Protein chains: 2
Amino acid sequence: MSRNPISIEVLETLDAIDRRGSFAKAAEELNKATSAISYAVQKLEEQLDIALFQRLGRRSVLTPAGRLILAEGRDILHTTRRLADKAKEVATGWEPRISIGIESLQSYTDFFQVINGFLLDFPTVEIDISECVLNGGWEALEQGRVDLLVGSPGPVPVQKGYRSVAIDRGELVPVIAAKHELAKQVLNKQYMDSVLRQLRRVVIHDTSFSGITRSEGLSSDGQMFYVQNMDQKIYAILAGIGIGNLPKKRIQGYLDEGTFVPLDIQQKDSSEAFLAWKINNKGKGLKAITDRLIAQQSDK
Amino acid sequence: MSRNPISIEVLETLDAIDRRGSFAKAAEELNKATSAISYAVQKLEEQLDIALFQRLGRRSVLTPAGRLILAEGRDILHTTRRLADKAKEVATGWEPRISIGIESLQSYTDFFQVINGFLLDFPTVEIDISECVLNGGWEALEQGRVDLLVGSPGPVPVQKGYRSVAIDRGELVPVIAAKHELAKQVLNKQYMDSVLRQLRRVVIHDTSFSGITRSEGLSSDGQMFYVQNMDQKIYAILAGIGIGNLPKKRIQGYLDEGTFVPLDIQQKDSSEAFLAWKINNKGKGLKAITDRLIAQQSDK
DNA sequence: GATCATTGTTCTAATAATTAGAACATATTA
DNA sequence: TAATATGTTCTAATTATTAGAACAATGATC
């Protein structure tokens, strides 16, 4: 007699359908039969009394209402999962999962070494890493979508209850390839902002560590292009695929010859980056991880 | 096999238990047997592997973890119910959210009265207001970042598929304080444009209405300074904090004595401002809002 | 302190919901 | 045209949820 026809399960189903592209693939992912998916969708449509999919032959496309439920449903799913985690943390003092948002990294190897060490000592804690771009990190921290920010550029927002530790960022420069079709426009200060929004971000997405899950990028509008390591990132940007932060040392040659053009964003002292987390986050796992990251930082 | 043990139903159950004070009363409200409630709670506790209630004889008290799930669970329930409502309205031509870009307003009170009335009648439609400055409004409309422009200066771009209605703008003059350090430079027509960009905008940001969200300003490079009302705005600009449009009547004295200097932008007939939206935007909410705004306009 | 009503748990059986699998129509690809 | 894949429907089977009775524990009332 639940007055509310929307259930967590059906939201997970819709999410899987959208991610995998079809009822059949979604069924596979959820370990169910296709018919179960079909019935679940039908039931929701019936109870809401609206169409969520427009049946175009064998392929189904979301209606506007369907898109709305999908989009907001994902928020609900996310909130619900985190709620379960938080409840466990309250009960045990240890969080079952730590979400880390990475905005820039000086050394992927060093960072993942710390994470790896942590996971060896505390194998029950899951680590969930998501890439943040264009200062999306601070917002994600504020909204509780991540527990820890790594490499976010200053200034650190004040009066928000954050604890922050400056880390060496190397010298990262945001660049675009000179031959990129939008290069000229993005350098024009007047249009920069709107053009920036259209540019693809090239992001390192190291998948070689197990025990670590990945969330989708936190910046929703801009598309992302994922590469495995710094070399690939340099070449991808060189090829005009998109933009991204690169270590100055590595690309000085390209900068000199004008193949790479630096983008004029983040006027504030861009050499400073921060680790940051909420002061009121008392998770033991978070403390352990930040302790290790800071220790590694000062070792060098 | 659902990895997420929290369901909408069990949240409703917890909510009822807390509101009614006992499993038995909750069962009554939900038209279930007490045993069903008991099993539902047990199942959740088992799957989360934490205790939600501390059994003190016949009376059960929530544990801290239980209180957390109850509190956040209520948010989730609320969001979910609203989502169902919104989806239904989207399916019938109502948009879930209307983004309004404000470029100038003659009377904040009148405008927000209309918005408030609209929200009372259509509480499921979200209103998102962002401040536009320096003709950023037309671009935002074109790019679909706002659905409705309020108070944007003419001329209305043609051949773009916009519908526009002229509104009385009073007589607003863009000014800067004479004592502002960049006042001299900005008055030099040659450098005006680049100097303008560096100047802070003083913007009224009325936060006294609930049910309305705010986006960041659409002009990103220039910083904004937010004030609560027109009086504060005048004093802020007077103090040299930034620039902005002010009603001529209110500042005639300052203009005469030279404390305020008018900026020479928008040579076109600046007394005309417009409501504008895309013709192909058929949203019923947008229509309702524009109808009301126009009606209010002609009432005077 | 005895009685009585109320509560939450457990058991069993019944009911309702979800699901798998096969058959089919339709659409896409080679 | 054949071959593959998709989504719907049907039926039967499996699961999950629920009601109702019996019970122990608690608190209230006299």
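Convention: sequence-line order gives letters A, B, ...; per-chain numbering from 1. Remember, it's a predicted structure, so these values are computed and weren't measured experimentally.
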Using whole Å, what does the distance between atom [atom2] of nucleotide [N] and atom [atom1] of [X] come to?
X        : N       : atom1 : atom2 : value
Tyr39(B) : dA17(C) : OH    : P     : 20 Å
Glu28(A) : dA20(C) : CD    : P     : 13 Å
Asn31(A) : dT18(C) : CG    : P     : 18 Å
Phe53(B) : dG8(C)  : CZ    : P     : 9 Å
Glu45(A) : dG7(D)  : CD    : C1'   : 12 Å
Leu30(A) : dG7(D)  : CG    : P     : 13 Å
Gln54(A) : dT6(D)  : CD    : C1'   : 17 Å
Ile17(B) : dT6(C)  : CD1   : P     : 19 Å

Nearest of [options] to any side-chain atom of [X]?
X        : options                  : answer
Thr34(A) : dT19(C), dT8(D), dT18(C) : dT8(D)
Ser60(A) : dG7(D), dT19(C), dT7(C)  : dG7(D)
Phe23(B) : dT10(C), dT6(D), dT9(C)  : dT9(C)
Glu9(B)  : dT18(D), dT8(D), dA19(D) : dT18(D)

Report yes if a side-chain nitrogen or oxygen of [X] is closer than 4.0 Å to either non-bridging phosphate oxygen (OP1 or OP2) of [N]; otherwise report no.
X        : N       : answer
Lys43(B) : dA16(D) : no
Gln42(A) : dT9(D)  : yes
Arg55(A) : dG7(D)  : no
Ser38(A) : dT8(D)  : yes
Lys25(A) : dT6(D)  : yes

Decide yes or no, distance alone: a donor-acceptor N/O pair under 3.5 angstrom between the base of dG20(D) and the side-chain of Ser35(B). yes

Could you state the interatomic distance from NZ (Lys88(A)) to CD1 (Ile69(B)), rounded to the nearest 0.5 Å? 10.5 Å

For atom [atom1] of [X], decide whether the heavy atoms of other residues, nucleotides or ligands shown that lie under 6.0 angstrom number more than 12.
X         : atom1 : result
Tyr254(A) : OH    : no
Gln143(A) : CD    : yes
Gln54(A)  : CD    : no

Between Leu286(A) and Asp147(A), what is the shortest heavy-atom contact and its length? CD1-O, 4.1 Å

